[in-house]
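One structure below.
These numbers come from the heavy atoms of this one structure, side chains and all, not from hydrogens, waters or symmetry mates.
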Amino acid sequence: MEQNRIQAILTLDMEKIPSNFQEIIKHEQEVVAKWKAEGILENLFLRHSKNGAVLIFKGIDEQKAKELMETLPLYPLQKSVEYFSLIKQF
């Protein structure tokens, strides 16, 4: 049986970007790599405009996805985060 997914769309406030942004990105990559290894992050898409990302979680509910997103190093720089519960068809 397919697991449902939670899509989180993170949009950054580009006016808040600090001088150590590349360092924050490195730490961010470590966090999402851990989620991928744990099997709770299925996909990570960077936005072409470079102002955010789309994350697809699996095997967790929306509340857990929100809690995880709040731990991201980039989260304090967010302009918005939208969450969508998805049902995978194929």
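Closest of all the heavy-atom pairs between P76 and P73 is CD-O, 3.3 Å. Considering all non-hydrogen atoms of both residues, L86 and Q7 come closest at CD1-CB, 3.6 Å. The two residues R5 and K58 have their closest heavy-atom pair at CD-CB, 3.5 Å. Contact detail for F57 and A65: the closest heavy-atom pair is CD1-CB, 3.9 Å.
Under the 4.5 Å side-chain criterion, counting only non-hydrogen atoms from C-beta, Q22 is not in contact with K26. Side-chain contact between M69 and L10 is present, with at least one heavy-atom pair separated by less than 4.5 Å. The closest side-chain heavy-atom distance from F45 to L55 is not below 4.5 Å. At a threshold of 4.5 Å between non-hydrogen side-chain atoms, the residues D13 and N51 do not count as touching. Contact check for K64 versus I40: no side-chain heavy atoms found under the 4.5 Å cut-off. Residues I56 and L44 fail the side-chain proximity criterion, which asks for heavy atoms closer than 4.5 Å. Residues R47 and I9 form a side-chain contact, since some pair of their non-hydrogen atoms from C-beta on lies under 4.5 Å apart. When side chains are defined from C-beta on, F84 does not count as touching V54, because their heavy atoms never get closer than 4.5 Å.
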task: Before giving the answer on salt bridge (charged side-chain N to carboxylate O under 4.0 Å, His left out), spell out for K66 and E70 the whole-Å C-alpha distance, their side-chain angles and the decisive distance to 0.1 Å.
output: CA-CA 6 Å; K66 287 178 180 180; E70 290 174 4; over 6 Å; no
- prompt: side-chain contact (heavy atoms from CB on, under 4.5 Å) between S85 and N4: does it pass, once the steps are laid out?
  reply: CA-CA 7 Å; S85 295; N4 292 343; over 6 Å; no
- request: Before giving the answer on side-chain contact (heavy atoms from CB on, under 4.5 Å), spell out for L68 and Y75 the whole-Å C-alpha distance, their side-chain angles and the decisive distance to 0.1 Å.
  value: CA-CA 10 Å; L68 288 170; Y75 190 82; over 6 Å; no
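Between L72 and the choices V81, V32, L77, the side-chain contact (heavy atoms from CB on, under 4.5 Å) rule is met once, by V32. When each of I24, V31, I25 is paired with H27, the side-chain contact (heavy atoms from CB on, under 4.5 Å) condition holds for V31 and for no other.
Within a 6.0 Å sphere centred on CD of E15, heavy atoms belonging to other residues, nucleotides or ligands number 12 at most. Residue E67 qualifies as enclosed at atom CD: its count of foreign heavy atoms under 6.0 Å is above 12.
Using modelled atom types, one side-chain atom of E28 and one backbone atom of L74 make a donor-acceptor pair closer than 3.5 Å.
Here K34 contributes atom NZ and L41 contributes atom CG; the two are 12.0 Å apart, rounded to the nearest 0.5 Å. Rounding to the nearest 0.5 Å gives a distance of 13.0 Å between CD of E30 and CH2 of W35. Considering NZ of K36 and CD of E42, their distance stands at 7.0 Å, rounded to 0.5 Å.
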